[in-house]
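None of these values were measured; they are calculated from a predicted model.
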Amino acid sequence: MKYSILLILTLFAPPIFGAQLSRQLNYGKYFGKIQMNGSSNVVAVALDAFVVQPNDPASYPEMTVIVRESLGGYVSPEYMGYYYYDPTYNFENGVLELNDPKNDLVATLKVTNTGAQTVLEGPITQRLTNAKGVMRVVMNLDDSVSLIT
């Protein structure tokens, strides 16, 4: 009897479980680009997502995201940095919201896992100028390097 119930649950389980896994945000370093609407220029960007333990050990760890726009490419000393402490992540839809009033950059990034990569992609807005564009960053889980795809 136990096995037949398990079999029935397995056969009729909603397909959302597989979809949930394809939207998992992996912690680590992402590399990619930002391209503003109407511009052919591409800005190199690195995004770090990691977990921080607050000063109170009884507190639950929180996610932190740092975005670095490298104005002259990845090896350039010129960059703009943005720090997002405890950003919003929607687990059901796989959407990471980077929106802190202290930062110029606002982003809504869709998370997609494709085999050996996790991709964060979506619209961005520069708060001061209201310029809009798209950010796409990739984390290669198999340790291969593909900076801008």
Side-chain angles (χ1 to χ4, degrees), residues 9-76 78-149:
L9 288 175
T10 304
L11 290 175
F12 295 105
I16 192 160
F17 294 119
Q20 292 286 355
L21 292 175
S22 69
R23 293 186 221 137
Q24 178 182 351
L25 176 63
N26 290 308
Y27 298 120
K29 186 172 271 309
Y30 293 79
F31 293 100
K33 63 184 178 179
I34 290 178
Q35 186 164 15
M36 302 310 285
N37 294 347
S39 174
S40 61
N41 295 334
V42 174
V43 176
V45 65
L47 182 145
D48 292 296
F50 52 95
V51 176
V52 176
Q53 177 65 47
N55 291 336
D56 179 11
S59 297
Y60 191 75
E62 298 174 341
M63 179 173 50
T64 298
V65 174
I66 296 175
V67 176
R68 180 179 168 195
E69 290 180 6
S70 299
L71 304 177
Y74 290 106
V75 295
S76 171
E78 297 179 85
Y79 67 91
M80 295 293 296
Y82 307 101
Y83 181 83
Y84 302 91
Y85 182 71
D86 200 20
T88 304
Y89 180 66
N90 182 320
F91 290 94
E92 285 185 27
N93 298 321
V95 176
L96 176 64
E97 290 282 337
L98 302 177
N99 188 357
D100 185 325
K102 298 175 189 171
N103 291 317
D104 262 355
L105 183 71
V106 178
T108 303
L109 305 173
K110 180 91 172 158
V111 178
T112 308
N113 298 97
T114 57
Q117 293 184 330
T118 299
V119 178
L120 308 179
E121 184 172 22
I124 64 159
T125 302
Q126 289 288 342
R127 203 181 297 275
L128 289 178
T129 62
N130 203 31
K132 299 186 183 325
V134 175
M135 178 192 300
R136 184 175 197 276
V137 291
V138 177
M139 174 195 281
N140 288 314
L141 302 173
D142 65 358
D143 292 330
S144 66
V145 176
S146 174
L147 295 179
I148 296 182
T149 55

Picking from R136, M139, Q117, M135, what satisfies side chain to side chain contact (heavy atoms under 4.5 Å, CB included) with Y30?
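Among R136, M139, Q117, M135, the one meeting side chain to side chain contact (heavy atoms under 4.5 Å, CB included) with Y30 is M139.
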
With rounding to the nearest 0.5 Å, note down the distance linking CG in N90 to CG in L25.
12.0 Å

With [X] via side-chain hydrogen bond (donor to acceptor under 3.5 Å, both in side chains) - residues at least two apart:
X: Y83; answer: none
X: R127; answer: N99
X: K110; answer: none
X: T108; answer: E97

Show me, pair by pair, the donor-acceptor contacts under 3.5 angstrom made by side chains of residues 61-73, not counting sequence neighbours?
from	atom 1	to	atom 2	distance (Å)
E62	OE1	Y85	OH	2.4
E69	OE2	Q126	NE2	3.3

Which side-chain N or O atoms in residues 41-48 pair as donor and acceptor under 3.5 Å with protein atoms at least two apart or in another chain?
from	atom 1	to	atom 2	distance (Å)
D48	OD1	K29	NZ	2.9
D48	OD2	K29	NZ	3.0

Y82: ring pair (Phe, Tyr, Trp, His ring centres under 6.0 Å) partners, not counting sequence neighbours
none

Listed by chain and number, what are the salt bridge (Lys or Arg N to Asp or Glu O under 4.0 Å) partners of D86, not counting sequence neighbours?
none

Test side-chain contact (heavy atoms from CB on, under 4.5 Å) applied to S40 - qualifying residues, sequence neighbours left out
none

Using the test side-chain contact (heavy atoms from CB on, under 4.5 Å), find all partners of N130 that sit at least two apart in sequence or belong to another chain.
T125, K132

